[in-house]
Amino acid sequence: MGGKTSAELLTAVAQWWVAALGTTLTALVGCTIDSNSARVDAQDWSGQRKRMVDEQLKARDITDARVLDAMLNVPRHLFIPEAGRVEAYADTPVPIGHGQTISQPYIVAFMTQALDVAPEHRVLEIGTGSGYQAAVLSVLAKEVFTVEVVRSLADRARETLASLGHRNVHVRTGNGYLGWPEEAPFDRIIVTAAPDEVPPALMEQLKVGGVMAIPVGSYSQELRVLRRTPEGTELLKTLPVRFVPMTRKPR
Ligand code: SAH
């Protein structure tokens with residue numbers, strides 16, 4: 001007895017390989033996630049995100065469970081350049097470069113709730129910025145088309161969205177006054193930069209029965225939530241807001 005058969009030897013070698021591979025993988029993963037500090041960070045961000053949802057959204061008038069859930073799950077801090085990340089879950093807008101900001105969490109939630117997005121909807125967003133609002137919408141809608149006038153912001157948003165697996169978001173660099181005619185009509189339109197008046201092209205690209213949320217005005221602005229009707233538009237609600245101006249109005 002004593003001697004191993006060739007099958008037993010093969011099994012022993014295979015077991016050794018599995019053990020060795022396991023050790024190597026542990027070492028690799030240990031390096032890439034920066035062990036404890038990354039874990040502590042991850043816990044901290046999700047704790048902050050939960051507080052944001054409880055204290056800034058639920059404590060106000062955000063009641064739509066799908067919206068609350070989306071905002072509990074989308075990692076807002078990853079849409080903000082590192083220098084500003086500590087502010088990611090604060091009750092304020094945060095700079096994202098090029099003089100632009102990611103909207104305050106409550107405003108993202110208010111607009112998203114007002115839009116009443118359904119899983120079969122195709123949504124157009126004007127003003128991609130960081131891509132965060134598009135990410136929240138992409139959890140709720142079938143497809144999101146988003147237009148950003150600053151190329152480097154559009155590129156960065158596209159990368160962030162792809163790295164987080166939001167495959168149903170399409171980012172285009174262009175002038176949002178013109179919408180995205182090739183993909184129209186849309187069930188919902190959200191505008192996150194303020195024009196003086198509702199751009200006619202956007203109204204044309206909204207389905208009859210569709211809803212648009214848009215801040216309008218220059219110094220003093222109001223967010224309008226509008227429904228397109230066969231005769232024109234119906235104003236559903238308003239909220240005083242402060243958005244960056246929409247640039248490049250066509251003549
Ligand atoms: N929704 C964004 C925040 C929007 S900030 C987010 O979730 O981060 C407003 C954005 O609108 C800015 O990035 C600005 O560059 C963009 N913008 C301004 N005028 C525009 C236009 N005419 N067309 C498209 N984007 C425009």
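Ligands are counted one by one from 1 in listed order, and the atoms in each one are counted from 1 as well. This is a predicted model, so every value here is computed, not measured.
- Each of the atoms 24 (C), 25 (N) of ligand 1 lies under 4.0 Å from some heavy atom of Val147.
- Glu125 counts as a contact of ligand 1, since one of its heavy atoms falls under 4.0 Å from the ligand.
- Both the sub-6.0 Å distance and the 45° axial angle are not jointly satisfied by Arg85 relative to the ring of Phe79.
- Side chains of Ser130 and Gln100: a donor-acceptor N/O pair is absent below 3.5 angstrom, by distance only.
- Between Arg76 and Tyr132, the side chains place no donor N or O within less than 3.5 Å of an acceptor N or O (distance only, hydrogens not considered).
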Would Asp155 and Arg158 count as a salt bridge (charged side-chain N to carboxylate O under 4.0 Å, His left out) if you check the C-alpha gap in whole Å, the side-chain angles of each, and the deciding distance to 0.1 Å?
CA-CA 5 Å; Asp155 291 346; Arg158 197 180 289 113; 3.0 Å; yes
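- In the displayed structure, Arg60 atom CZ is contacted under 6.0 Å by more than 12 heavy atoms of other residues, nucleotides or ligands.
- At the shortest separation from atom 8 (O) of ligand 1 among protein heavy atoms lies Ser130 OG, 2.6 Å.
- Taking every non-hydrogen atom of Val244 and a distance limit under 4.0 Å, the qualifying atoms of ligand 1 come out as 9 (C).
- Proximity to Gly174 (heavy-atom distance under 4.0 Å) selects the following atoms of ligand 1: 23 (N), 24 (C).
- Counting protein heavy atoms only, atom 4 (C) of ligand 1 is closest to Thr192 OG1, 3.3 Å.
- Among Glu148, Arg172, Arg248, the residue whose heavy atom lies closest to atom 15 (O) of ligand 1 is Glu148.
- In this structure, the protein non-hydrogen atom closest to atom 7 (O) of ligand 1 is Gln133 N, 3.0 Å.
- The nearest heavy-atom contact from the protein to atom 11 (O) of ligand 1 is Gly127 CA, 3.2 Å.
- Contact detail for Pro215 and Pro195: the closest heavy-atom pair is O-CD, 3.0 Å.
- Among Thr128, Val149, Ile102, the residue whose heavy atom lies nearest to atom 2 (C) of ligand 1 is Thr128.
- Ring pair Tyr89/Trp45 is tilted by interplanar angle, where 30° to 60° counts as tilted.
- The protein non-hydrogen atom at the shortest distance from atom 19 (N) of ligand 1 is Thr247 N, 3.0 Å.
- Protein heavy atom at the shortest distance from atom 12 (C) of ligand 1 is Gln100 OE1, 3.3 Å.
- Ligand 1 does not have Pro195 within reach: every non-hydrogen atom of the residue lies 4.0 Å or more from it.
- The atoms of ligand 1 that sit less than 4.0 Å from any heavy atom of Val150 are 15 (O).
- Close contacts of ligand 1 with Leu153, meaning ligand atoms under 4.0 Å from a residue heavy atom, involve 13 (O).
- Atom numbering of ligand 1 starts at 1 in the shown order; those under 4.0 Å from a heavy atom of Ala193 are 11 (O), 18 (C).
- Both Val216 and Val147 are assigned to one and the same hydrophobic cluster, defined by single-linkage of ILVMFWY side chains at heavy-atom distances under 4.5 Å.
- Residue Gln133 is tested with Thr128, Thr192, Thr112 for a side-chain hydrogen bond (donor to acceptor under 3.5 Å, both in side chains); the sole match is Thr112.
- The nearest heavy-atom contact from the protein to atom 23 (N) of ligand 1 is Gly176 N, 2.7 Å.
- Protein heavy atom closest to atom 3 (C) of ligand 1, with residue, atom name and distance, is Thr101 O, 3.4 Å.
- Val123 and Tyr177 sit in two unconnected hydrophobic clusters of ILVMFWY residues. Membership requires side-chain heavy atoms under 4.5 Å apart, directly or through other members.
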